[in-house]
There are 2 protein chains.
Amino acid sequence: MRPSPPPVPHHKRTGRPRSADADRAILEATREALVELGFGGLTLGDVAARAGVAKTTLYRRWPGKNELVVDAVAALFEERLELPDLGSLRADIQGVVLRFAELLNMPETRTALMAVVAEATSDEPLRRRIRDAIVDRQKHLVLLGRMRAQERGELPPDDGTEDPGRDDMIFDVVAGSVVHRVMVSSEPVDEEWADRLALLLVAGIGGLHAA
Amino acid sequence: MRPSPPPVPHHKRTGRPRSADADRAILEATREALVELGFGGLTLGDVAARAGVAKTTLYRRWPGKNELVVDAVAALFEERLELPDLGSLRADIQGVVLRFAELLNMPETRTALMAVVAEATSDEPLRRRIRDAIVDRQKHLVLLGRMRAQERGELPPDDGTEDPGRDDMIFDVVAGSVVHRVMVSSEPVDEEWADRLALLLVAGIGGLHAA
DNA sequence: CCAGTTACGCTACGGCTCGTAGCGAAACCC
DNA sequence: GGGTTTCGCTACGAGCCGTAGCGTAACTGG
């Protein structure tokens, strides 16, 4: 599994190499255009002009707008989303919720993420691209958070009877709640809200184990 | 508050009235086109042709694609989303989750909802339209569910110290989790998953009250 | 019944974006 | 240097957008 930035570089080690600078400039220009124009108003011709690159160059590397935007946004998630170790499950959840909300509040991600997910409903390759570049990284954080909580004794250790879909549900609840709060309800995710969500989840997870 | 179907009918009772048949035909054609082409591929010219209506007629009633799609989808939510009374909070939540997931699995809503919400991030009037036509109706269900649970004695009655944002959070968690499960994780919301989410929430809400 | 008003279908248009093709020049490997 | 691939540039047909103009249809008030 190679990292995503060079999108389709199945080189054969001959000929003129693709410019890494161009890649960076294009992705940066894409984020810039997203801020100013939104997803709907973004045109590939405009992105090429901003990046100081010919439109044809852009089409040689990305199939279309959707894929380009996914890659442009994915870099932000890679850089900024991590799980802080704050000493308790509740605090860890609060922390990651706040970081995730911060990401969603950036104008280049707000409009881009939803639009791309929407397009992906009828586009399987795009769905995989989103999964690889963004979703899987987030999902990993749930696993990490649970393992930490088990080490602390906040959650019972695995005994072999766990439902493998349990972490997946927690992931959907955490990510989905934050996205919905920010994008649909258009209300802020502050420390208080994040803490209350964390409290709800900690209590709820306890209830799942008791059942 | 008039119902939404006739979009901008500030009549003055004179002249030829707008055809209600045309409204229905346009909204129906929009849903049909959404299924076949998705949001991105949908064009207003195509919708007009399907509806047997001139393109200009369509533009006289809706400002653009986004608003048209919101109205086309809103009708489905009005018809099909309700809160069944199943005897317990847990069962009620499971029931509404399943109904909501069923709606999200319809091809005309899958792609349309997310795309419209994405566009709305940089379009305040569109955001209000979505709120009025879709979100507020869902939010009301949370209130109804809580009141039923209080009557049953499953939740303590209000004592005046409630946080008014509590219902809002529950709403974001329920709707967001389902949307994320269906749209991002692309995995099914079956009875088992819905029940486990309901269990998580019931336990979590109990934890909120205890704190 | 007729004049006024509004909606309708139709056609046509300029403007924009798309995605591709063709060219010569540049950069890299053997 | 020869082969190969990428680059920037220009140009192009195609499609959709949103609007204007026109004659006609439907409904209302006098």
Side-chain angles (χ1 to χ4, degrees), chain A residues 5-30 32-34 36-69 111 115-116 119 123 125-126, chain B residues 5-30 32-34 36-69 115-116 119 122-123 125-126:
Chain A
V8 185
H10 36 61
H11 280 274
K12 294 178 182 58
R13 304 178 175 284
T14 175
R16 174 176 178 173
R18 289 195 171 169
S19 162
D21 288 343
D23 269 330
R24 278 191 297 272
I26 291 171
L27 293 177
E28 176 61 32
T30 303
E32 189 183 307
L34 277 173
E36 292 180 23
L37 310 170
F39 181 84
L42 184 147
T43 72
L44 294 196
D46 183 53
V47 170
R50 288 170 190 266
V53 162
K55 200 171 54 163
T56 43
T57 298
L58 213 156
Y59 275 103
R60 284 191 197 98
R61 306 185 183 200
W62 283 276
K65 180 156 91 167
N66 296 330
E67 292 80 2
L68 174 62
V69 169
T111 182
V116 163
E119 294 288 323
D123 184 336
L126 182 61
Chain B
V8 185
H10 36 60
H11 281 273
K12 294 178 181 59
R13 306 178 173 283
T14 174
R16 175 176 176 172
R18 290 196 171 168
S19 161
D21 288 341
D23 270 329
R24 277 192 297 271
I26 291 171
L27 293 177
E28 176 60 32
T30 303
E32 189 183 307
L34 277 173
E36 292 180 24
L37 309 170
F39 181 84
L42 183 146
T43 73
L44 294 196
D46 183 53
V47 170
R50 289 170 189 264
V53 163
K55 200 171 54 164
T56 41
T57 297
L58 214 158
Y59 275 101
R60 282 191 197 101
R61 306 186 183 199
W62 284 276
K65 179 157 93 166
N66 295 331
E67 292 80 2
L68 173 62
V69 169
V116 164
E119 295 288 321
S122 52
D123 185 336
L126 182 61

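- A 4.5 Å side-chain heavy-atom check between A/Asp123 and A/Glu67 finds at least one atom pair inside the cut-off.
- Shown for residues 36-49 of chain A: no residue has heavy atoms falling under 4.0 angstrom of DNA chain D.
- Going from atom CG of B/Leu58 over to atom P of D/dT19 covers 12 Å, rounded to whole Å.
- Legend: residues meeting side-chain contact (heavy atoms from CB on, under 4.5 Å) with B/Ala54, ordered by chain and number and at least two apart, are B/Thr56, B/Thr57.
- Within the model, atoms CG of A/Leu34 and CG of A/Leu68 stand 8.0 Å from one another, a figure rounded to the nearest 0.5 Å.
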Worksheet item: Which parts of nucleotides 9-15 of chain C does protein reach within less than 4.0 Å, heavy atoms only, written one letter per nucleotide 5' to 3' as B for base, S for sugar-phosphate only and - for none?
Response: BB-----

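- In this structure, the CZ atom of B/Arg16 is 6 Å from the P atom of D/dA26, given to the nearest Å.
- Residues A/Asn66 and A/Glu119 share a closest heavy-atom pair of OD1-CG, 3.4 Å.
- The separation between B/Lys65 atom NZ and D/dG18 atom P is 9 Å, rounded to whole Å.
- The shortest heavy-atom contact between A/Thr111 and A/Gly38 is CG2-CA, 4.0 Å.
- Considering only residues two or more places apart in sequence or on other chains, A/Asp46 meets the side-chain hydrogen bond (donor to acceptor under 3.5 Å, both in side chains) condition with A/Arg50.
- Atom CG in A/Asp21 sits roughly 13 Å away from atom P in C/dA27 (whole-Å rounding).
- Across D/dT6, C/dC28, D/dC17, the shortest atom-to-atom separation from the side chain of B/Tyr59 is found for D/dC17.
- Every residue two or more places apart in sequence or in another chain that forms a side-chain contact (heavy atoms from CB on, under 4.5 Å) with B/Lys65 is listed here: B/Phe39, B/Leu42, B/Leu44, B/Val69.
- Residues satisfying the side-chain hydrogen bond (donor to acceptor under 3.5 Å, both in side chains) test with B/Arg24, not counting sequence neighbours, are B/Asp21.
- For D/dT6, one of the phosphate oxygens OP1 or OP2 lies less than 4.0 angstrom from a side-chain nitrogen or oxygen of A/Arg18.
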